[in-house]
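Indexing begins at 1, ligand by ligand and atom by atom, following the structure's order.
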Amino acid sequence: MKASSSVTTKPLVLVVEDEGPLVTMLRYNLEKAGYRVVAAVDGQEALTLLAEECPDLVLLDWMLPQTSGLEVCRQIRRRSETRNVPVVMLTARAEEADRVRGLETGADDYITKPFSPAELIARVRAVLRRATPTLEDETLSRGGLIMDLVRHRVTRAGRPIELGPTEFRLLRHFLAKPERVFAREQLLDAVWGRDTYVEERTVDVHIRRLRKALNGPGEADIIRTVRSAGYALALEEPVAG
Ligand code: CA
């Protein structure tokens, strides 16, 4: 049985690099390792693609024309909708001070050129695993909510929840990136697909249904409405002891 593509979507990596041959090499190796790739040649294009494509990770070259990779990273961290996207910086500079600067700006990891494809993939995998620990699992869970992606079953505090297919995809999208705020437009792209024409109000309708299904009497609302931004999960993970 083939799982529906919306449930098993391959992680999307945004490559930001102005050197063509390196982009080709990165794309080849990332795709071979099971990732989807979009590429930008400068910071401006990167920020546009970030908003449009909602990548799971950004591979960001330090040396870019116009806006430097460092500045792009800073802008990624400044915007609420991209704040939690993991960033791996690529650089020819091996100095410790640069590494620290990169990490202080908000990069999650750092790869020094030249690097081997194996190292690249290992780093990308590790950063993605840390950022979305459940991305490749068959079960997503958070704060008492459990989503079994294989059996298409959802429970909250042990209570079975019935969800329609759209609500199921919405919830899956939230749970895969539990810290993020999603704009309506991003939810439309991710859940309905880019090619369908659906009004943003439709998102509100399905969020309402999702809330109604998830929130039992006396239970806290699982979905947070973020004014003028969109929606986010309101489930806190208990602090591990
Ligand atoms: Ca470059």
Asks: May I ask you to decide whether R36 forms a salt bridge with E53, counting only side-chain N to carboxylate O separations under 4.0 Å?
Replies: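 No.
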Asks: Going through the checks in order, is the salt bridge (charged side-chain N to carboxylate O under 4.0 Å, His left out) test met by R180 and D56?
Replies: CA-CA 11 Å; R180 274 185 74 169; D56 297 283; over 6 Å; no
Asks: Given L145, which of L140, T155, L171 fulfils the side chain to side chain contact (heavy atoms under 4.5 Å, CB included) condition?
Replies: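 Running side chain to side chain contact (heavy atoms under 4.5 Å, CB included) over L140, T155, L171 with L145 returns exactly one hit, L171.
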Asks: Output yes when R156 and D221 qualify as a salt bridge under the 4.0 Å nitrogen-oxygen rule, no when they do not.
Replies: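 No, R156 and D221 are not salt-bridged.
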Asks: Looking at the Ca ion (ligand 1), which N/O/S atom of E19 is the nearest one?
Replies: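 E19's closest N, O or S atom to the Ca ion (ligand 1) is named OE2.
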Asks: By atom name, which N, O or S atom of D61 is the nearest to the Ca ion (ligand 1)?
Replies: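 The Ca ion (ligand 1) is closest to the D61 atom OD2, counting only N, O or S.
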Asks: With carbon and hydrogen excluded and only N/O/S kept, which atom of E17 is nearest the Ca ion (ligand 1)?
Replies: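 Closest to the Ca ion (ligand 1) among those atoms: OE2.
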Asks: Among the N/O/S atoms of D18, which is closest to the Ca ion (ligand 1)? Give the atom name.
Replies: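 Going through the N, O and S atoms of D18 one by one, OD1 ends up nearest to the Ca ion (ligand 1).
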